[in-house]
Student: 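Encoded as structure tokens, here's the structure I'll be asking about.
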Amino acid sequence: MTHALLAEVARLTKTRIGATLRDATPVLAALGYSVPVGPLTVTTAQQLAALAGHDLTTS
């Protein structure tokens with residue numbers, strides 16, 4: 001998912017998306033979360049949920 005697409009979906013600017021990612025990365029790293037570098041290549045809600053640590057297949 002590109003910053004442009006994420007910005008459009010979230011109704012934010014690409015600049016705001018980039019700044020938020022830069023700000024959040026060290027915080028997430030300090031909490032033990034790995035932040036992937038480069039574009040995310042997800043095409044389904046299930047893939048996006050899996051990246052966020054959720055399983056949409058269970059109720």
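Computed from a predicted structure; not experimentally measured.
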Student: Give me the atom names and distance for the closest heavy-atom approach of Ile17 to Leu12.
Tutor: CD1-CD1, 3.8 Å
Student: In Å, rounded to the nearest 0.5 Å, how long is the span from NE2 of His54 to CD of Gln46?
Tutor: 13.5 Å
Student: If you compare all heavy atoms of Thr25 against all heavy atoms of Leu21, which two are closest, and at what distance to 0.1 Å?
Tutor: OG1-O, 2.6 Å
